[in-house]
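Here is the structure we will look at.
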Amino acid sequence: MTFIPPSDGHAVAPPVKLRPEILASPPYRQGRPATADAFKLSSNENPFPPLPGVIDAVAAAGAFNRYPDASALALREVLAARHGVSPEQIHVGSGSVALLSQFIDAAAGPGDTVVYPWRSFEAYPGLVTVSGATSVQVPNRADGSHDMEALAAAVDDTTRVVIVCSPNNPTSTTVSAAEFETFMAAVPADVLVLLDEAYTEFVTDPDAVHGLPLLARYPNLVVLRTFSKAYGLAGLRVGWAIGPAAILDAARAAAIPLSVTEPAQVAAIASLNLEDQLLERVARIAALRDRLAAALFDQGWSVPKAQGNFVWLATCEETDAANEALLDGGIVARGFPGAGIRVSVGEEESVDKLLSITGRIVESLPAGHPARRLG
């Protein structure tokens, strides 16, 4: 029997030598779980259950004693046919965050830099640190949107990767097509640009960038997508990337083999076959998002133009207190201490409860607060 010394819950020095930059990095934290009487609006999940056809497909994939197809060829062929590319130009991973890791590892290492906006997806800093590269964080504009000119200006001879997130997580803002094309013209052609479009299906702004039509123009561009959000497969972990085959081959070499399970692959294919029904749900979520954002504006909040399936409350130093007020009222949101609160668009029934709390919070904010539009 192996004896493992007990822990009192406090951090202790590891018994072996580990990389100090890893020890100094906080692990990724999920949003808090919700109690039975609360609404979980912390993880940008799709509130609708999987469609019956998707459930049937997963139930039929019962050969768990067999390894999955490591290349996810059947799924890649479906995606390739839809987008007019070869299967070699599609790469599938266990969620878009796994793909991000693979591309960063393939392109950047010690002595290199990875440029990305901040605040953005909280996994970016950790992924860069694990690769051995160094993060260059470019502050967002006051409205939470990317400063694309500053992002381009931050690129230098050490830069190997630039990440652009549209819609941005957690501020829900988008990059315009014109901004992105100006940015691409300024970035050296040998720097990999990752356009993270995890929430693109929720976008209704006609001026927002869409990466797929731009791939033929920019050989250093890779677009990342996911089945977790709009398609409601967050628990199965499957995402995909589209771009030049040579770049995708490098990411495939950096991938953990066999990480996309057979149930995830068949669920993704089934979801694509039921896309019309799924996108009708997406339209309902986007409409509810717009109504929620308008109601927050009417309450006095200064809310960025939301284009993901979430809204952003820039509560700054009041974040912890505001997040506790939401929790006390039965709303589990995602607080980023010192910055703000991301609130996912969830069940229709959650809106009234949410607004009853946010109305009190905004009234409690001091005059001149960045999140406050009035007073």
*Sort out for me which residue in Asp207, Asp205, Asp143, Asp290 forms a salt bridge (Lys or Arg N to Asp or Glu O under 4.0 Å) with Lys305.*
Asp205

*Would you say the side-chain atoms of Arg360 pair up with the backbone N or O of Ser356, donor to acceptor, closer than 3.5 Å?*
yes

*Between the main-chain N or O of Thr204 and the side-chain N or O of Gln307, is there a donor-acceptor pair closer than 3.5 Å?*
yes

*Out of curiosity, does Trp240 fall in the hydrophobic cluster containing Leu224 (side-chain heavy atoms, cut-off under 4.5 Å, transitive links)?*
no

*Under the side-chain contact (heavy atoms from CB on, under 4.5 Å) test, which residues partner Ser344, sequence neighbours left out?*
Leu41, Asn44

*Sequence neighbours excluded, which residues qualify as side-chain hydrogen bond (donor to acceptor under 3.5 Å, both in side chains) partners of Arg19?*
Glu21

_Donor-acceptor contact present, side-chain Gln265 to main-chain Val260, <3.5 Å_ = yes

*Got more than 12 heavy atoms from elsewhere within 6.0 Å of CD, Glu149?*
no

*Donor-acceptor contact present, side-chain Arg373 to main-chain Phe297, <3.5 Å*: yes

*Is any NZ, NE, NH1 or NH2 atom of the basic residue among Glu122 and Arg334 found under 4.0 Å from an Asp or Glu carboxylate oxygen of the other?*
yes

*Are Phe202 and Phe310 close enough that their ring centers fall under 6.0 Å?*
no

*May I ask you to say whether Glu201 pairs ionically with Lys229, meaning some side-chain N is under 4.0 Å from a carboxylate O?*
no

*Only counting residues at least two apart or in another chain, list the ones meeting side-chain hydrogen bond (donor to acceptor under 3.5 Å, both in side chains) with Thr200.*
none

*Salt bridge between Arg82 and Glu275, side-chain N to carboxylate O under 4.0 Å?*
yes

*Can you tell me if Thr315 and Glu318 form a side-chain donor-acceptor pair at under 3.5 Å?*
no

*Are Glu348 and Arg291 close enough for a salt bridge, meaning some N to O gap below 4.0 Å?*
yes

